[in-house]
Each structure stands twice: as C-alpha cells, then as structure tokens.
Chemist: 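Below is the structure I would like to discuss, written out as structure tokens.
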Amino acid sequence: EEAQRLGNQGQLEEARQVLAQCQDIIGRSTSATSTASAMLVQDIRAVSARMQSEQEFRTEGGHRLRNKTAKYYMQRACESDDFEVQAFATSTKERYRSTFTSS
C-alpha cells in the first residue's frame with residue numbers, strides 16, 4: 001500500500017525502495033524458503049520491474065501492484081484447493097480455525 005501511494009505521487013524510486021525492503025524482510029524471515037514466500041518475492045520483482053518510469057507505472061505497474069495486493073489479501077482470507085492459496089494454509093492458521101470448528 002505504501003508503494004502504491006508513493007507511485008501515485010510520482011515517487012517511483014521511493015516506491016521501489018519500499019518493495020525492495022519488503023523483499024529483504026521476506027528473505028530474512030523464517031519462512032523465506034517456503035513456496036508462498038517465493039511466489040510473493042516473484043510478484044514483487046515483477047511489479048518493481050514495471051515501475052521504471054512514471055508512464056510505465058501509470059499504464060501497467062500501478063495496476064499490477066493493485067492487483068497483486070488484492071490477490072494476496074484475498075488468498076490469505078480464503079480457503080481453496082488452489083495450490084497458490086494453500087501456500088498460506090499454515091499450521092497456525094489451521095489451529096486457529098479448528099478452535100471454531102471443533103465439537
């Protein structure tokens with residue numbers, strides 16, 4: 001969201017820095033080698049590559065950033081048979097859900 005705000009203000013270098021910081025945080029996390037983390041880093045790189053100029057951001061990068069952000073919000077909130085969505089189905093999330101479904 002911060003990268004989107006900065007991009008909308010024409011501060012593309014700062015927006016790319018925010019995305020680079022996110023990649024760094026993911027890379028240092030305990031789940032850095034997970035499929036979900038790898039997919040997230042891949043998406044961040046793809047979005048960042050489309051933020052090299054203001055025109056590119058306005059025509060493609062900003063749209064990709066919004067779409068990828070919405071995608072990850074929805075994936076984390078939903079349960080699905082889709083592999084990408086299941087990448088977020090952690091044991092912690094399952095334990096939390098089981099507190100509401102146990103009889």
Chemist: About how many Å separate SG of Cys22 and CG of Asp43, when rounded to the nearest 0.5 Å?
Modeler: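 So the CG of Asp43 and the SG of Cys22 are separated by 12.5 Å.
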Chemist: For residues Ala3 and Ala15, report the shortest heavy-atom separation together with the two atoms involved.
Modeler: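 Smallest interatomic distance, heavy atoms only, reads O-CB, 3.4 Å.
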Chemist: Just verifying a value: how many Å separate Leu19 CG and Met51 CE, rounded to the nearest 0.5 Å?
Modeler: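 If I round to the nearest 0.5 Å, the distance is 5.5 Å.
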Chemist: Other members of the hydrophobic cluster containing Ile25, with the 4.5 Å side-chain heavy-atom rule, please.
Modeler: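 Cluster partners of Ile25: none, it stands alone.
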Chemist: According to side-chain contact (heavy atoms from CB on, under 4.5 Å), who are the partners of Glu14, at least two apart in sequence or on a separate chain?
Modeler: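 Partners of Glu14 under the side-chain contact (heavy atoms from CB on, under 4.5 Å) test: Leu6, Gln11.
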Chemist: Give a yes or no on this: more than 12 heavy atoms of other residues, nucleotides or ligands lie within 6.0 Å of atom CD of Gln9.
Modeler: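 Yes, because the 6.0 Å sphere around CD of Gln9 holds more than 12 heavy atoms from other groups.
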Chemist: Show me the pairs that pass salt bridge (Lys or Arg N to Asp or Glu O under 4.0 Å) and involve residues 30-39, at least two apart or across chains.
Modeler: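 Listed once each, the pairs would be none.
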Chemist: According to salt bridge (charged side-chain N to carboxylate O under 4.0 Å, His left out), who are the partners of Glu2, at least two apart in sequence or on a separate chain?
Modeler: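 Glu2: salt bridge (charged side-chain N to carboxylate O under 4.0 Å, His left out) contacts with Arg5.
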Chemist: Who pairs with Thr59 by side-chain contact (heavy atoms from CB on, under 4.5 Å), at least two apart in sequence or on another chain?
Modeler: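 If we apply the side-chain contact (heavy atoms from CB on, under 4.5 Å) test to Thr59, skipping adjacent residues, the hits are Gln55.
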Chemist: Sequence neighbours excluded, which residues qualify as side-chain contact (heavy atoms from CB on, under 4.5 Å) partners of Arg64?
Modeler: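 Residues passing side-chain contact (heavy atoms from CB on, under 4.5 Å) with Arg64: Ala46, Val47, Arg50, Glu60.
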Chemist: So which heavy atom on Gln52 is nearest to which on Ala49, and how close?
Modeler: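 Heavy-atom minimum between the residues: CG-O, 3.4 Å.
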Chemist: Among all residues two or more places apart in sequence or in another chain, which pass the side-chain hydrogen bond (donor to acceptor under 3.5 Å, both in side chains) test with Ser29?
Modeler: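 Ser29 satisfies side-chain hydrogen bond (donor to acceptor under 3.5 Å, both in side chains) with Ser31 only.
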Chemist: Holding to side-chain contact (heavy atoms from CB on, under 4.5 Å), I want the full list of residues that pass it with Asn8, two or more places apart in sequence or in another chain.
Modeler: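 Once residues adjacent in sequence are excluded, the partners of Asn8 under the side-chain contact (heavy atoms from CB on, under 4.5 Å) criterion are Gln4, Phe57, Arg58.
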Chemist: Under the side-chain hydrogen bond (donor to acceptor under 3.5 Å, both in side chains) rule, collect the residues that match up with Arg45, sequence neighbours excluded.
Modeler: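 Scan of Arg45 (side-chain hydrogen bond (donor to acceptor under 3.5 Å, both in side chains), adjacent residues dropped) gives none.
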Chemist: Over all heavy atoms of both residues, which pair between Gly27 and Ala32 is shortest? Give the atoms and the distance, please.
Modeler: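 In this case the closest contact between Gly27 and Ala32 is O-CB, 3.3 Å.
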Chemist: To the nearest 0.5 Å, tell me how far His63 NE2 sits from Lys68 NZ.
Modeler: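 Atom-to-atom, His63:NE2 and Lys68:NZ are 14.5 Å apart.
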Chemist: Among residues at least two apart in sequence or on other chains, which ones pass side-chain hydrogen bond (donor to acceptor under 3.5 Å, both in side chains) with Asp24?
Modeler: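 In terms of side-chain hydrogen bond (donor to acceptor under 3.5 Å, both in side chains), with neighbours along the sequence ignored, Asp24 is linked to Arg28.
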Chemist: Mind checking the CG-CD1 spacing from Leu65 to Ile44? Nearest 0.5 Å is all I need.
Modeler: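 Rounded to the nearest 0.5 Å, the CG-CD1 separation comes out at 9.5 Å.
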